[in-house]
Amino acid sequence: MRADLEMVKALLDGSRRVVVLTGAGISAESGVPTFRGRDGLWRNHRPEDLARPDAFEAHPDLVWEFYNWRRRLVAGCEPNPAHRALAELERVLPNFLLITQNVDGLHVRAGSRKLVQMHGSLWQVKCTVCTHAREDFGELPALPECPVCGHLLRPGVVWFGEPLVPGVLRIAIDRVSKADVFLAVGTSGLVQPAASFHQLAKDHGAVTVEVNLEPTPVSGFMDFALHGPAGEILPELIAGIADTASARSTGGGGR
Ligand code: OAD
């Protein structure tokens, strides 16, 4: 693993276009439960059964209770060293994009700006009827109403069976297919379309790297699979690059 880590570090340092895809595992060390892990259940419901338009139509109170619980939980969490390492990587690499499936907003709080939130954000709410949408970090009522038309608001997240936010998939596919290095961090590789990105990257010549606590269904398809906590592996990967980038900027990097 040490040798692989050093090779990935060298690859990242020499690459021009890096795309990183993150999933729930990157926020696990901040205390945010993953979807499919041991702590993934919420009051005996699977998140996948609640994150759906039909569940919201049938039981808006239950779905809002789930989202209000997640908003409160995440509000009490802080970005961890893995989030901060990716914000640092963005700063030192010229062409970088972070694509996250997470809705928790921890990448933004860690300082990431070149970021696509594929599944929306827990901190967005939007009307189920009119075009009202807003960012809202406050405590919400059990069934929040639209201030414009009075109809029910819903979380500004993408649910199963819903299309992604317009434009998001186009940007993601474009950048993934131009990447030199594609890194998948803390994702089970089970939910489309993100689950196909490593293949798309590879088909276009990228080196693919997985960082995950344990092997996943896609580990065998990756050029490198680094197994361990993202909060330990990413800072190690980034440390070398940040050092050489600053050496280059002071003329000592030899490139
Ligand atoms: P999952 O819960 O499916 O997978 C989390 C992954 O993170 C697993 O592979 C874990 O092994 C790994 N993991 C856990 N702790 C880790 C750590 N400290 N360091 C590194 N890896 C760790 O979450 P996602 O793959 O993000 O979609 O799930 C994808 C989508 O399915 C979510 O965005 C959500 C969900 O249902 C929607 O809600 C639309």
Side-chain angles (χ1 to χ4, degrees), residues 1 4-5 8 20-42 45-56 63-64 66-67 69-71 73-74 77-86 98-107 110 115-124 154-165 168-169 172 182-198 209-222 224-238:
M1 158 110 165
D4 279 0
L5 198 130
V8 173
V20 181
L21 169 71
T22 63
I26 196 165
S27 296
E29 290 159 75
S30 293
V32 183
T34 60
F35 289 92
R36 296 173 183 80
R38 274 188 294 276
D39 309 327
L41 286 183
W42 176 76
H45 296 281
R46 295 184 329 144
E48 300 99 297
D49 295 337
L50 295 170
R52 338 176 45 94
D54 51 348
F56 187 66
V63 173
W64 258 119
F66 171 59
Y67 278 92
W69 170 78
R70 286 178 67 190
R71 285 165 61 96
L73 185 144
V74 172
C77 296
E78 294 298 327
N80 68 53
H83 297 109
R84 287 197 289 275
L86 292 181
L98 174 57
I99 304 171
T100 189
Q101 299 166 89
N102 299 346
V103 295
D104 56 33
L106 291 176
H107 283 304
L115 169 70
V116 171
Q117 299 186 106
M118 272 186 78
H119 292 163
S121 165
L122 275 182
W123 310 107
Q124 288 281 335
R154 58 161 282 178
V157 300
V158 177
W159 283 329
F160 283 98
E162 292 186 321
L164 298 180
V165 180
V168 158
L169 189 57
F182 174 78
L183 199 70
V185 182
T187 177
S188 55
L190 293 172
V191 176
Q192 295 294 355
S196 305
F197 286 174
H198 68 95
V209 183
E210 173 178 71
V211 175
N212 200 296
L213 205 50
E214 55 195 25
T216 71
V218 301
S219 301
F221 301 99
M222 296 292 200
F224 295 91
L226 306 175
H227 291 142
E232 290 175 19
I233 294 178
L234 289 186
E236 276 204 58
L237 279 179
I238 271 52

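Keep in mind the model is a prediction, meaning the values are calculated, not measured. Just so you know, ligand 1 is whichever comes first in the structure, and atom 1 is the first atom listed for that ligand.
The distance criterion of under 3.5 Å between nitrogen or oxygen atoms is met by His119 with respect to ligand 1. Considering both main-chain and side-chain atoms, Asn102 never comes within under 3.5 Å of ligand 1 through any nitrogen or oxygen pair. For a threshold of 3.5 Å applied to N or O pairs, the pair formed by Phe35 and ligand 1 contains at least one separation below that value. Between Ser188 and ligand 1, at least one pair of N/O atoms sits closer than 3.5 Å. Distances between N or O atoms of Ala230 and those of ligand 1 include at least one value under 3.5 Å.
For atom 17 (C) of ligand 1, the nearest non-hydrogen atom of the protein is Gly25 O, 3.4 Å. Among protein heavy atoms, the minimum distance from atom 18 (N) of ligand 1 is reached at Glu29 OE2, 2.7 Å. The nearest heavy-atom contact from the protein to atom 36 (O) of ligand 1 is Phe160 CZ, 3.0 Å.
The atoms of ligand 1 that sit less than 4.0 Å from any heavy atom of Ala28 are 15 (N). Within the listing of ligand 1, atoms 11 (O) sit less than 4.0 angstrom from a heavy atom of Glu214.
Counted by atom type alone, His227 and Glu210 present one or more donor-acceptor pairs between their side chains at under 3.5 Å.
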Discussion item. Could you go through Ser30 and Glu78, starting from their C-alpha distance and side-chain angles, then the distance that decides it, and tell me whether this counts as side-chain contact (heavy atoms from CB on, under 4.5 Å)?
Written reply: CA-CA 6 Å; Ser30 293; Glu78 294 298 327; 5.8 Å; no
Worksheet item: Can you check side-chain contact (heavy atoms from CB on, under 4.5 Å) on Leu234 and Leu86, steps first, answer last?
Response: CA-CA 8 Å; Leu234 289 186; Leu86 292 181; 3.9 Å; yes
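Under 4.0 Å from ligand 1, heavy atoms of Ala24 appear from its side chain as well as its backbone. Looking at Gln101 against ligand 1, both its backbone and its side chain come within 4.0 Å, counting heavy atoms. Contact annotation: for Arg36 versus ligand 1, heavy atoms closer than 4.0 Å belong to both the backbone and the side chain.
For atom 30 (C) of ligand 1, the candidate residues are Val191, Thr22, Val158, Asn212; the nearest heavy-atom contact is made by Val191. Comparing heavy-atom distances from atom 5 (C) of ligand 1 across Gly23, Gly186, Gly189, Ala194 singles out Gly186 as nearest. Closest heavy-atom approach to atom 20 (C) of ligand 1 within the set Val103, Leu234, Leu213, Leu226: this belongs to Leu213.
A salt bridge links Glu48 with Arg36; the closest basic N to acidic carboxylate O contact falls under 4.0 Å. Between Arg84 and Glu29 there is no salt bridge, since none of the side-chain N atoms of the basic residue sits less than 4.0 Å from a carboxylate O of the acidic one.
Cation-pi contact between Arg154 and Trp64: absent, since separation from the ring centre below 6.0 Å together with deviation from the ring axis within 45° is not met.
Each of Phe160, Phe66, Trp159 was evaluated against Phe56; a single residue qualifies, Trp159, per the ring-ring contact (aromatic ring centres under 6.0 Å, His included) test.
Annotation: the span from Leu115 atom CG to Leu98 atom CG amounts to 5.0 Å, rounded to 0.5 Å. In this structure, CG on Asn212 lies 11.0 Å from CD1 on Ile26, to the nearest 0.5 angstrom.
In this structure Thr22 satisfies the side chain to side chain donor-acceptor pair (under 3.5 Å) test together with Thr100, His107, sequence neighbours excluded.
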Give the table of side-chain donor-acceptor pairs shorter than 3.5 Å for residues 116-124, with sequence neighbours excluded, one pair per line with atom names and distance.
residue	atom	partner	partner atom	Å
His119	ND1	Gln101	O	3.2
Ser121	OG	Trp123	N	2.9
Trp123	NE1	Asp104	O	3.0

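Contact annotation: Pro47 has no heavy atom less than 4.0 Å from any atom of ligand 1.
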